[in-house]
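Please read through the structure below; I'll follow up with questions.
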Amino acid sequence: MALSSTTIFNHIPTQNDTVSITGSQPQPLHLHRPFSTNNNSTLRFANSLSNFFHLQIQTPPTSAVAGENPSNWDSFPEEKHSTPTTSPKEAIAQKWREIHGFHGGWEEEDALLNPLHPWLRREIVKYGEFAQATYDAFDFDSFSEYCGSCRYNAHHLFDKLGLTKNGYNVTKYIYAMSSHIDVPTWLQRSNLVDSTWSKDSNWMGYVAVSDDDESRRIGRRDIVVAWRGTVAPSEWYEDFKRKLEPIGNREAKVEHGFLSIYSSKSESTRYNKSSASEQVMKEVKKLVEMYRQKGEEVSVTITGHSLGGALALLNAYEAAATLPKEVSISVISFGAPRVGNHAFRDEIHDMGVRTLRVVIKQDMVHRMPGLVLNESLEKLEDIMGTLEWVYTHVGAELKLDVKSSPYLKHGINLAGFHSLETYLHLVDGFLSHTTPFRDNARRDVALVNKGCDMLVDKLRIPQCWYQLAHKGLVCNDHGRWVKPKREVEDIPSPMALDQLHQSHVLKSDNVQFQPLFGT
């Protein structure tokens, strides 16, 4: 299985597409464009099938679409290579609440989403790259004794992935159970390796916090939780039991499989004596208390892709129920499935959590669970009463379309539709539902093909181009190709290295830290 890129840059759009936060009028968020049919019987059948899943099929065009047609595709890569991938960061300290949906709210589909405000676009891409880091650093190699772990120590994660310019420091890794519970097959590692770092757990994400400079720019101390998601678009769905379980003390219910991954633990394990829920909340509470004692305003922003988006919602629900009310909590997810019932949606909204779901029209995952039994049945509640067993989405939706980009193929590619890099490419180029793809989008187009085949052939970017050199083998001093040994500090350790890393992070921020919770 191909890995994601080892280098993700902090891409920032230019300013000539700036939209005023207060001056634009709200516009409809969704625009469904009709597609033309084809006389070919095979395509007609495929179109019929795609209509059932609300997909769109179109044969790859021979030229660019959506308003941009490079005059010379052969020279196009060179033209892009000569342009920077970043631009100056905007100071958003006075406007961050509007950007995060707390004034007016994303739910009202205000002018922040359509047209998409450039400051919000940059924030979405930033948090999306935090989520992408959970794929880029994950050890997928089933022949590795460290398969299922992070390939880097927390102290080096952002440096290895090119994310240091974002101005955040990782403070804690999160692990989830991969045995003794009902989890999808993709979450389980290969049995080919007898000697493994852990037979029970997987690395599922991390907690990070903004440094002093970034906190001044964004107007508060921001704690980020990034959850790792799925690799393929439907692997998890076929393995879940598709049943709702109670959460909290009221009528909210959530999907059984998501809750199992989030809350399972076992005393017999090394990394999951405490659950993913307990790990993340212990760290977040500690950071919140530390920075609030210093008199700082604190926010918690939770992000994730696919399954990671589902775990982000469960995390936000728990955080809103336990953290001080003054702490602002928001979720920015990508391609996330439905998580719970109507009561779960209403409760998490009433607790003040702001949620923005970024979805791609052609992606199937955000339509599950509840392909049929979903929020569209709300109109039947007057007749049938409250439908506690119906899945529903939470928060506002920013819907993107593969067809809007002149760089993407338009045939069926379920893995490509679901890829987080496809999402970030479309966000970077999105202006509104009535305007073409941004011709000044800065994010590197080649990143789209890291783990799929979505870019048009004329760009000459290989499919699934990212993998470890020589499939992870190295040539030793004797001329033999062998599996390399990890650096000592990159070997997973749940206690010693976490303590060492947190000491380094807090010293670098000129803070003397006394743990408020025992380890």
Rounded to the nearest 0.5 Å, what separation is found between the CG atom of Asn315 and the CE atom of Met281?
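Those atoms lie 6.5 Å apart.
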
Residues which pass side chain to side chain contact (heavy atoms under 4.5 Å, CB included) with Glu326, listed by chain and number, not counting sequence neighbours:
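With sequence neighbours excluded, Glu326 shows a side chain to side chain contact (heavy atoms under 4.5 Å, CB included) to Arg292, Pro324, given in chain and number order.
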
Can you name the nearest heavy-atom pair linking Ala131 to Gly304, along with the distance?
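Smallest interatomic distance, heavy atoms only, reads CB-CA, 4.1 Å.
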
Strictly by modelled atom types, are Tyr152 and Asp159 linked by a side-chain donor-acceptor pair under 3.5 Å?
no

By side chain to side chain donor-acceptor pair (under 3.5 Å), which residues pair with Glu318, not counting sequence neighbours?
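Residues passing side chain to side chain donor-acceptor pair (under 3.5 Å) with Glu318: Tyr262, Ser277.
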
Could you list the residues that satisfy side chain to side chain contact (heavy atoms under 4.5 Å, CB included) with Ala336, not counting sequence neighbours?
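Checked Ala336 against side chain to side chain contact (heavy atoms under 4.5 Å, CB included); matches are Ser333.
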
Please report the closest heavy-atom contact between Pro337 and Ser306, naming both atoms and the distance.
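Scanning both residues completely, I find the closest heavy atoms to be CD-O, 3.2 Å.
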
Is there side-chain contact between Asp222 and Tyr127, with at least one heavy-atom pair below 4.5 Å?
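Of all side-chain heavy-atom pairs linking Tyr127 with Asp222, at least one is under 4.5 Å.
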
Where Arg486 and Pro492 come nearest, the two heavy atoms and their spacing
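So the minimum-distance heavy-atom pair works out to NH1-CD, 3.8 Å.
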
Is Glu421 close to Gln132 at the side-chain level, that is, under 4.5 Å between some pair of heavy atoms?
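The answer is yes, as the side chains (C-beta and beyond) meet within the 4.5 Å cut-off.
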
Using distance alone, with no hydrogens and no angle criterion, decide if His156 and Glu489 have a side-chain donor and acceptor under 3.5 Å apart.
yes

Using the salt bridge (charged side-chain N to carboxylate O under 4.0 Å, His left out) rule, take Lys273 and Glu278 through it: C-alpha gap first, then chi angles, then the decisive distance, then the call.
CA-CA 10 Å; Lys273 295 182 186 301; Glu278 292 169 339; over 6 Å; no

For the OG atom of Ser432 and the CG atom of Leu113, what is their distance to the nearest 0.5 Å?
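If we round to the nearest 0.5 Å, Ser432:OG and Leu113:CG are 11.5 Å apart.
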
Using atom types as modelled and distance alone, determine if a side-chain donor or acceptor of Asn114 lies under 3.5 Å from a backbone N or O of His433.
yes

If you measure from CD1 on Ile223 to OG1 on Thr301, what distance do you get to the nearest 0.5 Å?
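These two atoms lie 9.0 Å from each other.
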
Under 3.5 Å, side chain of Trp203 to main-chain N/O of Gly205, donor-acceptor pair present?
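Yes; judged by distance alone, with no hydrogens or angles, the pair exists.
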
Where do Asp213 and Arg216 land on the side chain to side chain contact (heavy atoms under 4.5 Å, CB included) test, with the steps shown first?
CA-CA 5 Å; Asp213 290 340; Arg216 282 189 287 269; 2.4 Å; yes

What residues form a side chain to side chain contact (heavy atoms under 4.5 Å, CB included) with Ala312, not counting sequence neighbours?
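Here the qualifying residues are Trp227, Ile302, Val331.
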
With sequence neighbours excluded, what pairs up with Arg217 under the salt bridge (charged side-chain N to carboxylate O under 4.0 Å, His left out) test?
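For Arg217, the residues satisfying salt bridge (charged side-chain N to carboxylate O under 4.0 Å, His left out) (neighbours in sequence not counted) are Glu123, Glu214.
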
Please enumerate all residues that pass side chain to side chain donor-acceptor pair (under 3.5 Å) together with His425, with sequence neighbours excluded.
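By the side chain to side chain donor-acceptor pair (under 3.5 Å) rule, His425 matches Ser405.
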
Contacts of Glu245 that satisfy salt bridge (charged side-chain N to carboxylate O under 4.0 Å, His left out) - sequence neighbours left out
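So Glu245 forms no salt bridge (charged side-chain N to carboxylate O under 4.0 Å, His left out) with any residue.
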
Contacts of Ser328 that satisfy side chain to side chain donor-acceptor pair (under 3.5 Å) - sequence neighbours left out
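Result, side chain to side chain donor-acceptor pair (under 3.5 Å) vs Ser328: Arg97.
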
To the nearest 0.5 Å, what is the distance between CG (Asp139) and CZ (Arg151)?
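It is 7.0 Å, given to the nearest 0.5 Å.
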
Answer yes or no: is there a donor N or O on one side and an acceptor on the other, between the side chain of Gln279 and the main chain of Ser274, under 3.5 Å?
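Yes; judged by distance alone, with no hydrogens or angles, the pair exists.
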
Charged N to carboxylate O below 4.0 Å: is that the case for Lys450 and Asp136?
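Answer for the salt bridge query: yes.
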
If you take all heavy atoms of Lys361 and Arg367, which pair is closest and at what distance?
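Closest heavy-atom pair between Lys361 and Arg367: O-NH2, 2.7 Å.
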
Is any NZ, NE, NH1 or NH2 atom of the basic residue among Lys253 and Glu347 found under 4.0 Å from an Asp or Glu carboxylate oxygen of the other?
no

Hey, are Tyr423 and Asp363 close enough side-chain-wise for a donor-acceptor pair under 3.5 Å?
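The answer is yes; a qualifying pair exists.
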
Got a sec, which residues hit ring pair (Phe, Tyr, Trp, His ring centres under 6.0 Å) with Phe158, two or more places apart in sequence or on another chain?
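Per chain and number, Phe158 pairs via ring pair (Phe, Tyr, Trp, His ring centres under 6.0 Å) with Phe130, Tyr206.
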
Out of Val254, Leu244, Leu311, Ile348, which one pairs with Val339 under the side-chain contact (heavy atoms from CB on, under 4.5 Å) rule?
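Among Val254, Leu244, Leu311, Ile348, the one that satisfies the side-chain contact (heavy atoms from CB on, under 4.5 Å) with Val339 is Val254.
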
Hey, are the side chains of Trp119 and Arg122 touching, using non-hydrogen atoms and a 4.5 Å cut-off?
no

Before you tell me yes or no, could you show the steps for His117 and Ile99 under side chain to side chain contact (heavy atoms under 4.5 Å, CB included), namely the whole-Å CA-CA distance, both residues' side-chain angles and the distance that decides it to 0.1 Å?
CA-CA 8 Å; His117 193 282; Ile99 293 171; 5.6 Å; no

Shortest non-hydrogen pair, Gly128 vs Leu424, comes out as CA-CD2, 3.8 Å

So, applying side-chain contact (heavy atoms from CB on, under 4.5 Å) with Leu398, which one of Leu426, Ile332, Leu356, Val359 is it?
Leu356

In short, Arg221 meets Asp211 closest at the heavy-atom pair NH1-C, 3.4 Å

Check: Gly257 main-chain N/O paired with Glu255 side-chain donor or acceptor under 3.5 Å:
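Checked: pair present.
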
Rounded distance (nearest 0.5 Å) linking atom NZ of Lys126 with atom CG of Leu163:
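It is 11.5 Å, given to the nearest 0.5 Å.
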
Parallel, tilted or perpendicular: which fits the ring planes of Phe102 and His100, with parallel below 30° and perpendicular above 60°?
parallel

Might you work through the side chain to side chain contact (heavy atoms under 4.5 Å, CB included) test for Val284 and Val225, ending with a clear yes or no?
CA-CA 9 Å; Val284 169; Val225 182; 3.9 Å; yes

With side chain to side chain contact (heavy atoms under 4.5 Å, CB included) as the test, would you mind laying out the steps for Asp401 and Phe430 before giving the verdict?
CA-CA 9 Å; Asp401 192 338; Phe430 181 79; over 6 Å; no

With sequence neighbours excluded, what pairs up with Asn272 under the side chain to side chain donor-acceptor pair (under 3.5 Å) test?
Ser201

Does some side-chain heavy atom of Asn341 sit less than 4.5 Å from a side-chain heavy atom of Phe344?
yes

What's the spacing between Thr134 OG1 and His305 NE2 if we round to 0.5 Å?
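The NE2 atom of His305 is 9.5 Å from OG1 of Thr134, to the nearest 0.5 Å.
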
Taking side chain as C-beta onward, heavy atoms only, is Phe334 less than 4.5 Å from Ile124?
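Of all side-chain heavy-atom pairs linking Ile124 with Phe334, at least one is under 4.5 Å.
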
Close side-chain approach of Tyr146 and Ile491, heavy atoms under 4.5 Å
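Tyr146 vs Ile491: side chains touch.
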
